[in-house]
Asker: 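My structure is below; once you've seen it, I'll send some questions.
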Number of protein chains: 2
Amino acid sequence: MTDQREHILGCACDLYLEAGMEGFSMRKLAQQVGVTAPALYRHFENREDLLLQVVGEAHNVLGSYLYRALSASTPRERFSAAGEAYMEFALEHPRYFQIMHAFAEHLGLSEVPVEVEERMGGVKRFWDDRVRECMESGVLRRDDPDRVGLTLWAHAYGLLSLYLRGLLDAPESAFRELYGDSFARILRGLATTEYGADLDQHLTHSRESGPTRISPVDGTTP
Amino acid sequence: MTDQREHILGCACDLYLEAGMEGFSMRKLAQQVGVTAPALYRHFENREDLLLQVVGEAHNVLGSYLYRALSASTPRERFSAAGEAYMEFALEHPRYFQIMHAFAEHLGLSEVPVEVEERMGGVKRFWDDRVRECMESGVLRRDDPDRVGLTLWAHAYGLLSLYLRGLLDAPESAFRELYGDSFARILRGLATTEYGADLDQHLTHSRESGPTRISPVDGTTP
DNA sequence: CGCGGATTGTAAACAGCGTTAACTGTTAGG
DNA sequence: CCTAACAGTTAACGCTGTTTACAATCCGCG
């Protein structure tokens with residue numbers, strides 16, 4: 001039934017992973033599958049639809065990486081493991097990382113389809129959960145987990161993106177260290193203590209007008 | 001002489017800005033210029049070369065935004081202004097932001113050309129300068145400006161990227177606030193004071209010893 | 001002035017692309 | 001047994017980047 005469909009999808013992933021977006025064409029894919037190009041349209045609406053399924057597969061692989069992080073025993077370790085899992089995924093499957101974060105038009109779409117948006121929402125929620133439990137266990141300051149999660153996600157994504165693009169002329173081992181360091185710096189804070197106090201005021205002030213929780217000074221220790 | 005060349009380049013920027021990468025073709029560009037497609041090859045080696053020049057123009061525009069930040073009078077204000085300028089550029093010229101941060105293969109290249117890498121290096125150096133003077137004037141903790149600059153750049157780039165991709169379902173005004181907030185959070189630090197102290201040790205330690213992990217020490221405070 | 005050479009355009013063509021239309025063979029069901 | 005669905009084919013359309021061969025214009029030099 002959908003056996004051939006899955007076979008095609010598998011070949012599509014392979015072809016994309018080895019040839020990239022540039023070398024991906026319906027004709028080449030068909031050849032790899034062992035049919036002619038128009039046959040693909042019996043199983044997929046068009047190229048865009050097909051690539052979207054590949055994005056879905058990329059999300060599945062990322063999911064398997066993140067899921068492993070849950071086996072750590074403390075919130076703090078799960079938090080670390082999640083950060084490392086995200087990095088590991090990006091370094092081991094750069095093409096998947098790339099395609100799932102690609103701008104919509106890269107895939108020939110005008111808008112990000114709901115399916116992808118929802119999957120991304122899942123990644124975000126995973127982060128938020130790690131953040132939340134770290135706040136509850138006194139590792140992270142009490143704050144809006146959603147916003148803090150976003151800050152962390154953006155940082156991780158940005159760093160990995162810059163590295164994969166070859167803009168950081170560091171070997172992988174050096175980057176791995178740099179990634180951890182950068183995370184630690186963010187957690188600890190970059191400002192001096194005096195300036196940090198200023199920022200504290202700013203952040204708590206802006207929180208009062210918004211729909212989010214108020215962060216106390218320090219009520220973390222159990 | 002190179003008059004026509006510049007005219008073509010101008011049209012190329014216009015065409016890209018209104019049609020995007022998807023709607024950009026040599027034939028359309030030629031039509032807009034008022035010649036036939038092969039004529040373009042008298043002035044540019046190929047499509048890739050031409051798009052690279054567009055990337056160059058994008059860098060020029062970003063440069064003009066960043067440069068304005070230098071007119072602020074204190075390091076701290078210049079730092080803020082730089083962060084805002086980067087955001088302003090991304091929000092006002094999302095296509096330029098996109099193309100200058102695009103993965104190489106997006107443009108049909110196998111590697112990031114030196115020219116682009118150097119331009120990116122310029123952006124990075126601008127950031128580093130802002131960071132350095134903030135360290136010297138006691139706004140930021142004394143640390144490796146290069147690394148701190150990277151952390152901040154990655155965060156800003158990541159956040160803007162996620163927003164422009166439509167993954168943050170916030171209107172622009174909300175995003176602007178979110179962007180500033182996220183910056184403030186990073187500067188102040190996300191960890192509790194106790195955990196922050198741990199990270200302090202980790203960071204100063206790692207400066208002397210080898211590769212590290214995200215979470216340095218066990219012994220979680222429940 | 002006239003003549004070569006460089007410069008800048010043209011039309012025609014090639015290979016490849018996504019996609020569609022029309023057609024063929026195979027298979028399952030009433 | 002005939003029909004309908006299914007899964008493949010070939011041929012074609014209009015698009016793409018790019019190359020080739022050819023024509024026109026302009027500029028400096030003898």
Side-chain angles (χ1 to χ4, degrees), chain A residues 1-56 95 99 102-111 113, chain B residues 1-56 95 98-99 102-111 113 116:
Chain A
M1 288 290 253
T2 62
D3 204 17
Q4 175 74 326
R5 189 188 151 95
E6 285 187 23
H7 178 217
I8 294 174
L9 187 53
C11 289
C13 289
D14 291 348
L15 180 58
Y16 170 74
L17 286 177
E18 63 183 62
M21 186 101 289
E22 200 64 10
F24 186 94
S25 85
M26 298 298 269
R27 285 178 160 92
K28 281 186 200 161
L29 172 58
Q31 190 180 4
Q32 195 144 324
V33 173
V35 296
T36 56
L40 302 175
Y41 291 81
R42 300 287 173 194
H43 305 271
F44 297 88
E45 220 177 79
N46 47 33
R47 174 190 149 105
E48 170 189 322
D49 179 32
L50 210 158
L51 281 176
L52 236 45
Q53 310 294 326
V54 175
V55 173
R95 286 249 153 82
I99 202 177
F103 278 90
E105 36 181 299
H106 196 321
L107 305 177
L109 313 146
S110 51
E111 281 191 354
Chain B
M1 289 287 256
T2 62
D3 204 17
Q4 176 74 326
R5 188 186 152 95
E6 285 187 23
H7 177 217
I8 294 175
L9 187 53
C11 289
C13 289
D14 291 348
L15 180 58
Y16 169 74
L17 286 177
E18 64 184 61
M21 187 102 288
E22 200 64 9
F24 186 97
S25 85
M26 298 298 270
R27 283 178 163 91
K28 280 186 201 160
L29 172 59
Q31 189 181 4
Q32 195 144 325
V33 174
V35 295
T36 57
L40 302 176
Y41 291 81
R42 300 287 173 192
H43 305 271
F44 298 88
E45 219 175 80
N46 46 32
R47 175 191 149 106
E48 170 189 322
D49 179 32
L50 210 159
L51 281 176
L52 236 46
Q53 310 293 325
V54 175
V55 173
R95 287 248 153 82
Q98 203 170 139
I99 202 177
F103 277 90
E105 37 182 298
H106 196 320
L107 304 176
L109 313 144
S110 50
E111 283 191 352
V116 172

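A note on names: the letters A, B, ... follow the listed sequences, proteins ahead of strands, and every chain is numbered from 1.
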Asker: Can you tell me if A:T2 uses its side chain to pair, donor with acceptor, with the backbone of A:R5 under 3.5 Å?
Answerer: no
Asker: Under a 4.0 Å heavy-atom cut-off, which of residues 33-41 of chain A touch DNA chain D?
Answerer: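 Residues of residues 33-41 of chain A that come under 4.0 Å of DNA chain D are, in numerical order, A:V35, A:T36, A:P38, A:A39.
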Asker: Is A:R27 side chain donor-acceptor paired with the C:dG18 base, going by distance under 3.5 Å alone?
Answerer: yes
Asker: For the side chain of A:H43, counting heavy atoms from C-beta on, which of D:dA7, C:dG9, C:dC17 is nearest?
Answerer: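 Output: D:dA7.
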Asker: Using atom CG of B:L15 as one end and atom P of D:dG17 as the other, report the distance to the nearest whole Å.
Answerer: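 Distance, rounded to whole Å: 10 Å.
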Asker: Find the distance B:K28:NZ to D:dT18:P and express it as a whole number of Å.
Answerer: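 So the NZ-P distance, B:K28 to D:dT18, works out to 16 Å.
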Asker: Please produce a list of atom pairs where a protein N or O lies less than 3.5 Å from an N or O of nucleotides 27-29 of chain C.
Answerer:
none

Asker: Round to the nearest Å and state the distance from A:M26 atom CE to D:dG14 atom C1'.
Answerer: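 Going from CE in A:M26 over to C1' in D:dG14 covers 17 Å.
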Asker: Rounding to a whole Å, what distance do you find between A:Q31:CD and C:dC17:P?
Answerer: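 Distance check: A:Q31 CD to C:dC17 P gives 9 Å.
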Asker: Measure the distance from CE on A:M21 to P on C:dG18 and round it to the nearest whole Å.
Answerer: 10 Å
Asker: Please work out which residues in residues 45-52 of chain A have a non-hydrogen atom less than 4.0 Å from an atom of DNA chain C and list them by number.
Answerer: A:N46, A:R47
Asker: Within this structure, what is the NE2-to-P distance between B:H7 and C:dT8, rounded to whole angstrom?
Answerer: 15 Å
Asker: In whole angstroms, how far is the C1' atom of D:dC26 from the CD atom of B:Q4?
Answerer: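 Checked: the CD to C1' distance equals 15 Å.
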Asker: Output the rounded distance in Å from CD1 (A:I8) to P (D:dA7).
Answerer: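 For the pair A:I8 CD1 and D:dA7 P, the rounded distance is 10 Å.
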